[in-house]
Amino acid sequence: VIMDAEGLNSTERTVQTDNKLFAISLLLCSLFVYNQRGHLSENSIEDLSVVINLTQHINIKKGEQESGLEFHKFFPTFFWVLRDFYLDLKGKSSQDYLEDNLR
């Protein structure tokens, strides 16, 4: 089953509605593709933080404090797709590029 959900930061919906739609979509899928146009930027990393913050809105065990260690059993495999840009890595690997931008 392929499901395409709307993106985040809609001008017509609240942040809470975006988060709920995103959480439901994420829990229903087995593969999560974060499709980003252009290069890595501070804004793109902030947008991606929504994924990390989902653990505050999802409970695995009723009434218990979540440590976050069990979420990998319920969340899908994650792929971050960067598209529509060209970058000369100047001898760096793609892993080095990602790590440099996350610092």
Side-chain angles (χ1 to χ4, degrees):
V1 175
I2 296 175
M3 181 174 80
D4 183 11
E6 296 181 25
L8 300 172
N9 300 324
S10 171
T11 58
E12 298 177 10
R13 292 186 310 268
T14 65
V15 173
Q16 291 82 11
T17 302
D18 273 352
N19 287 342
K20 288 176 184 177
L21 176 64
F22 187 66
I24 290 169
S25 301
L26 197 62
L27 291 171
L28 290 174
C29 69
S30 60
L31 178 69
F32 171 52
V33 178
Y34 186 76
N35 187 13
Q36 178 183 325
R37 176 178 282 162
H39 65 282
L40 292 179
S41 67
E42 187 174 329
N43 287 339
S44 63
I45 293 171
E46 285 178 20
D47 289 343
L48 190 59
S49 70
V50 171
V51 176
I52 296 167
N53 292 328
L54 279 178
T55 58
Q56 298 171 4
H57 305 288
I58 297 173
N59 294 320
I60 296 172
K61 297 176 184 173
K62 186 176 180 179
E64 293 185 28
Q65 181 69 24
E66 299 291 345
S67 67
L69 297 176
E70 294 185 26
F71 282 108
H72 73 280
K73 296 177 186 175
F74 301 95
F75 279 69
T77 303
F78 174 76
F79 286 95
W80 193 349
V81 177
L82 300 175
R83 63 183 184 91
D84 298 340
F85 83 105
Y86 172 78
L87 179 66
D88 182 4
L89 294 176
K90 298 178 183 167
K92 290 184 180 180
S93 70
S94 57
Q95 183 70 29
D96 290 339
Y97 171 70
L98 177 62
E99 289 176 6
D100 287 347
N101 280 283
L102 292 176
R103 289 186 192 139

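Remember, predicted model here, so these are calculated numbers, not experimental data. Scope of the values below: all heavy atoms of this structure, side chains included, with no hydrogens, waters or symmetry mates. Count residues from 1 along the sequence.
In terms of heavy atoms, Pro76 sits closest to Leu31 at CB-N, 3.5 Å.
For Thr77, the side chain to side chain donor-acceptor pair (under 3.5 Å) test picks out no residue, with sequence neighbours left out. With sequence neighbours left out, Arg83 forms a salt bridge (charged side-chain N to carboxylate O under 4.0 Å, His left out) with no residue at all.
Separating the CD atom in Gln36 from the CD1 atom in Ile45 is a distance of 8.5 Å, to the nearest 0.5 Å. Atom CZ of Phe75 and atom SG of Cys29 lie 9.5 Å apart (nearest 0.5 Å).
Between Phe78 and Phe32, the ring planes are tilted. Angles from 30° to 60° get that label.
At a threshold of 4.5 Å between side-chain heavy atoms, the hydrophobic network of Ile, Leu, Val, Met, Phe, Trp and Tyr places Val33 and Leu26 in two separate groups.
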